[in-house]
2 protein chains.
Amino acid sequence: MSETKLTKNQSLVLAVLESHQSPLSAYSILDQLTDAGLRAPPQVYRALEKLIDYGLIHKLESINSYVACQHRHCGSHQVTSFAICDSCEHVSEIINAQFDKTLHELAENAGLTPKHSTVEIHGLCNACSGLEH
Amino acid sequence: MSETKLTKNQSLVLAVLESHQSPLSAYSILDQLTDAGLRAPPQVYRALEKLIDYGLIHKLESINSYVACQHRHCGSHQVTSFAICDSCEHVSEIINAQFDKTLHELAENAGLTPKHSTVEIHGLCNACSGLEH
DNA sequence: AATGTAATGTTATATCATAACGTTTTCAAA
DNA sequence: TTTGAAAACGTTATGATATAACATTACATT
Ligand SMILES: [Zn+2]
Ligand SMILES: [Zn+2]
Ligand SMILES: [Zn+2]
Ligand SMILES: [Zn+2]
């Protein structure tokens with residue numbers, strides 16, 4: 001799966017996401033690609049779907065937005081967790097094998113065999129909460 | 001906060017959610033309350049917002065749906081996690097103090113002071129995956 | 001060249017959620 | 001008990017997010 005050649009629209013959408021630190025909505029991505037010839041939502045949503053399949057981007061379910069993966073070279077990860085600043089929108093993608101295991105156990109205790117998890121922690125980053133000097 | 005008297009619309013919406021095991025969309029709730037006189041989305045969304053504030057229901061961000069709280073008597077909880085079966089839509093609400101702490105640490109390690117977290121584990125419940133005899 | 005498959009372009013529509021505004025209800029202070 | 005502010009309500013309109021459906025194009029395999 002690793003060395004999939006991206007199509008034109010997939011490359012365009014990925015480039016937009018990679019050029020931003022903050023998450024973007026699908027329609028915001030579309031706006032930024034009108035010059036490149038994109039006109040309609042399906043063109044973006046289809047690219048987003050594939051990029052998510054390839055593990056190159058992630059959807060933040062709690063804010064209906066998309067971000068480029070910050071761990072391109074980690075391979076496909078089971079669980080991806082995000083720390084999201086509600087003030088500046090900075091996003092950190094957290095990968096932690098021990099946490100994956102914890103989440104898996106939590107699911108099994110609840111009688112569920114987990115396939116995919118959404119973990120999105122909202123709060124204030126150090127910069128926004130004045131914790132940085 | 002505990003003994004808030006609910007308004008008519010809030011009671012109606014809560015009753016619908018409590019009468020279902022599975023999460024419901026806002027419009028599905030509205031459909032079920034036309035006989036009770038509700039006509040328009042804001043009537044449901046306003047009730048949902050208050051019920052969430054009161055901790056009586058939760059929103060499942062990953063499926064744009066709402067469920068009644070399964071821990072009415074646990075008091076207001078910091079972190080609520082859900083195990084969601086993608087086949088039968090059964091939802092388990094998980095409360096685990098140790099996990100709360102883990103999540104908090106994870107956030108702080110990522111430079112974030114956490115305020116609210118979304119944890120939604122998708123998979124197959126034992127019944128749907130044939131693990132029950 | 002013929003064929004099949006994936007990607008694309010386009011239109012329309014479904015689904016989820018809120019803005020805005022006027023009216024009614026509630027309820028405590030005067 | 002009046003009355004006034006706040007909350008809840010009803011209603012219309014619109015914004016925001018996402019997909020269905022279908023015709024066309026690109027492109028690799030034969
Ligand atoms: Zn990633
Ligand atoms: Zn910040
Ligand atoms: Zn709860
Ligand atoms: Zn199930």
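Residue numbering restarts at 1 for every chain, and letters A, B, ... go by the order of the sequence lines. The shown structure was predicted, so the numbers you read here are calculated from the model rather than taken from an experiment.
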When rounded to whole Å, the CG to C1' distance for the pair L30(B) and dG10(D) reads 13 Å

Side-chain contact check for K8(B): nearest option of dT12(D), dG9(C), dC9(D) is dC9(D)

d(S65(B) OG, H20(B) NE2) to nearest 0.5 Å is 11.5 Å

In whole angstroms, the gap separating P of dA7(C) from CG of L51(A) amounts to 11 Å

- For R39(A), which contact category applies under a 4.0 Å heavy-atom criterion: base, sugar-phosphate, or nothing? sugar-phosphate

Sorted by chain and residue number, the ring pair (Phe, Tyr, Trp, His ring centres under 6.0 Å) partners of F82(B) (sequence neighbours excluded) come out as H58(B)

T7(A) has its side chain closest, among dG9(C), dG10(D), dA7(C), to dA7(C)

Taking every heavy atom of L51(A) against every heavy atom of Q10(A), the minimum-distance pair comes out as CD1-O, 3.6 Å

Exercise. Would you kindly say whether H122(A) and S62(A) are connected by a side-chain donor-acceptor distance under 3.5 Å?
Key: yes

Taken to the nearest whole Å, CG/L38(B) to P/dT12(D) is 14 Å

Is there a side-chain polar atom (N or O) of Q43(A) under 4.0 Å from OP1 or OP2 of dT8(C)? no

Heavy-atom closest pair (V13(B) atom, A47(B) atom, distance to 0.1 Å) is CG2-CB, 3.7 Å

Rounded to whole Å, the CG-C1' distance (D31(A) to dA16(D)) equals 12 Å

In whole angstroms, the gap separating P of dT25(D) from CG of N9(A) amounts to 16 Å

Are there any protein N/O atoms within less than 3.5 Å of an N/O atom in nucleotides 17-19 of chain D, and if so, which ones and at what distance?
| from | atom 1 | to | atom 2 | distance (Å) |
| --- | --- | --- | --- | --- |
| dA18(D) | OP1 | K59(A) | NZ | 2.6 |
| dA18(D) | OP2 | Y45(A) | OH | 3.2 |
| dA18(D) | OP2 | Y66(A) | OH | 3.2 |
| dA18(D) | N7 | Y27(A) | OH | 2.8 |
| dA18(D) | N6 | Y27(A) | OH | 3.2 |

To the nearest 0.5 Å, atom CG of L56(B) lies from atom NZ of K50(B) at 12.5 Å

Checking dA8(D), dG10(D), dC22(D) against the side chain of Q10(B) (C-beta onward), the nearest is dA8(D)

When rounded to the nearest 0.5 Å, the distance separating CD of Q32(B) from CG of L38(B) is 11.5 Å

Those residues at least two apart in sequence (or on a different chain) that pass ring pair (Phe, Tyr, Trp, His ring centres under 6.0 Å) with F99(A) are F99(B)

Assert: residue with more 5' nearest nucleotide on DNA chain C, out of K50(A) and G37(A), is K50(A)

All N/O contacts under 3.5 Å from nucleotides 26-28 of chain D to the protein, with atom names and distances to one decimal?
none

Between A83(A) and A110(B), the two heavy atoms sitting closest are CB-CB, 3.9 Å

In whole angstroms, the gap separating P of dA6(C) from NZ of K5(A) amounts to 17 Å

d(L14(A) CG, T7(A) OG1) to nearest 0.5 Å is 10.5 Å

Looking only at dC21(C), dA7(C), dT10(C), the nucleotide nearest the A40(A) side chain is dT10(C)

Sorted by chain and residue number, the side chain to side chain donor-acceptor pair (under 3.5 Å) partners of N109(B) (sequence neighbours excluded) come out as none

What one should report as the nearest heavy-atom pair of P114(A) and I121(B) is CB-CG2, 3.6 Å

Here the distance between atom P of dC16(C) and atom CG of L24(B), to the nearest Å, is 11 Å

From CZ of R46(B) across to C1' of dA6(D) the rounded distance in Å is 14 Å

So, with a heavy-atom separation below 4.0 Å from DNA chain D, the residues of residues 15-22 of chain A are none

